[in-house]
Amino acid sequence: MDVSGILNKANDNNLNIWGDLGMDKTEGQLLQDRLIYNPKSAWEKTKLEEKEAAFAFAEEYKDFLNRVKTEREFVAEAEIQAKAAGFLPLEEVVQSGRQLQPGMKVYSVNRQKAIILAVIGKKNPAEGVNVIGAHIDAPRIDLKQNPVYEDNGLALLKTHYYGGIKKYQWVTIPLALHGVVIKENGETVNLALGDETDDFTFTITDLLPHLAHDQMEKKMSEGITGEGLNLLIGSIPYQDEKAENKVKLNILRLLNEKYGLVEEDFVSAELEIVPAFKAKDIGLDRGLVGAYGQDDRVCSFGAFRALLDLNEVDRTAICLLTDKEEIGSVGNTGAQSRFFENFLATICAYSSTGNYQDLVLRDCLSRSKMLSADVNSGVDPNFEGVQDKRNASYLGKGIVLQKYTGSRGKSGASDANPEYLAALRKLFNDHGIAWQTGEIGKVDQGGGGTIAQYLANLGMEVVDCGVSILAMHSPYEVTSKIDIYHNYKGNRVFYGWGK
Ligand code: MN
Ligand code: MN
C-alpha cells in the first residue's frame, strides 16, 4: 500500500489524518512499523521474565569463561558437560556395533582441540542436517619452543603471538599461562598458572613515559614489537656461587620440583598466555559482559549450550567447534580439515535411517543448513567513524545476520544466498528472536573472515550469524547479555528447524 492509499483510507473512514487517530500510533507510525527496517533494542522487546533468564544465562556464561581460556580447556569442559547430558563418544557407539537411533546424542573429539556434538534426528541424514559451527581458539600470545631465558637478573619467556592482536594492549596487565607440556615419555602436564584466583601472576612490562620519547614517536603498530612481548616469570637467583643464569635456573628448579619438567620439555609444549582477569558485568545496570576470549566463546558456548538443551529433532542437529580460526582455520584441528566430513560420513554410515555411500554424504552436505556462529564488530561510540552505521550491528539489538564478510570488494567472503537469509528471517521472526543485520566496517576500511567459506565449499547453505562485540581481539572484549541470550535462543530454534 502506498501513502496515497493510506490517505484515502483515512478519509473514507472520516478520520482526521493529520491529527490524533484515536489510536496508540498514528497512521504514519504504523506505516513506519510496517515498511521500515529498524531493529530496536532487544531489551525493550523482551519481557521481564525473559530478561531475568538472560541475566541467569550470563551468570553461567561468565562462570564458563572463568574456567575455559583455551581451546583444550573448552573441549575438556564440553566433554564433561556432554557426558553428563547423556552424550556418548561416537567412536564407542560405532565400535560396539550399535546403530544411531533418533534421539541419540553423540560426540567426537579431535586431538583435544576440536569437538563435534550431534543429536540424531528422525530423518535420513541424506536429507541434510542443521549445523552451528563456531571456533574455540582465541587471539593470545603463545610461548616459543625454547622460551626460558635470563636477562639483567630477571627470568623471562620468549613468545610468538597468535592471531590478530594489537600488541600494545597486552603489556602491563596480569597474564596467566595455560596449556600442556608433553614429556618425552608421552605424559601430559596440564598447566593453568597465574589466574586471578592464584596469589601470583605474570606480566609483560612497558616503558615508563619519562623515557618513552622515542617510543611515543613510533606508529602504534611498532611501539611494542612482537619480539618485545617477553613474559616476566622470575627474579630470585639460585643460591650457588659457581652456577650461571641463576634466576633462570631457579625457575627451572621450581618447574622440575612441582611438575617434573626439564627445559627440553618446552619443545613439545603448547603454552598460551592469556589475560588473568575474570569475566565481569560491565555497567551500573550490569547489562554487558566484559571478558577475554568472547570471540568466539560467546557463540561457541551458545551453540554448545543450545545443543545440550535439545531433545527430539527431525533433522540431525550438529554443533561443530573448531580450532585455529584465528590463523586461517588451518591444520588438522581447523575448519578446513576433514574432521567434519569424516564425522558426517560416520553419522550417515551408522544411522538407523541412513547408510554410507559417497553419494549419500554428498547429498547430506548439499542439503544441509549452517550458521557460522561468530562475532560481529558492533558500533563503538569511541570509534563510530569506521562503520557504515546503516549497515553495522549494535550491542543490544539481537543476533547479527551477516550476509558476507571479507575485505576489499568482498574478497574472501562466503556470500550467503538471499533465499536462505529470507528463510532465516522468517524463522527468527516467527520465534521472537531479536536480530539485526551487520557488516564489518566501512567498505575498504578493513575486514575479516570466519569459518563460513570452508563449510560453504562443501555445498551447505551457510550464513554468518552471531553476537555483536566491542574491543574484539583485545584482552577484554565487551558483549550484551540480551544478545548473548537471543543468540542462544536463536541457536536452539535453528537446531530444531525443518520437518
Ligand atoms: Mn571469531
Ligand atoms: Mn577473531
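What you see is a predicted model; the values in this text were computed from it and never measured. Atoms within each ligand, like the ligands themselves, are counted from 1 in listed order.
Using a 4.0 Å cut-off between a side-chain N of Lys or Arg and a carboxylate O of Asp or Glu, Asp195 and Lys69 qualify as a salt bridge. The pair Glu272-Arg140 meets the salt-bridge criterion, with a side-chain N (NZ, NE, NH1 or NH2) lying under 4.0 Å from an Asp/Glu carboxylate O.
Annotation: cation-pi geometry not satisfied between Lys481 and Phe57 (NZ/CZ under 6.0 angstrom from ring centroid, within 45° of ring axis).
Side-chain contact between Asp464 and Tyr404: absent, with no pair of heavy atoms (C-beta onward) separated by less than 4.5 Å.
For the Mn ion (ligand 2), the set of protein N/O/S atoms nearer than 2.8 Å consists of Asp295 OD2, Glu326 OE1, Glu326 OE2, His473 NE2, ordered by chain and number.
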Could you go through residues 37-45 and list every donor-acceptor pair under 3.5 Å that involves a side-chain atom there, pairing it with any protein atom two or more places apart or in another chain?
{"from": "Tyr37", "atom 1": "OH", "to": "Thr437", "atom 2": "N", "distance (Å)": "2.8"}
{"from": "Ser41", "atom 1": "OG", "to": "Trp43", "atom 2": "N", "distance (Å)": "3.1"}

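Tyr168 and Gln215 form no side-chain donor-acceptor contact under 3.5 Å, judged by distance and modelled atom types alone.
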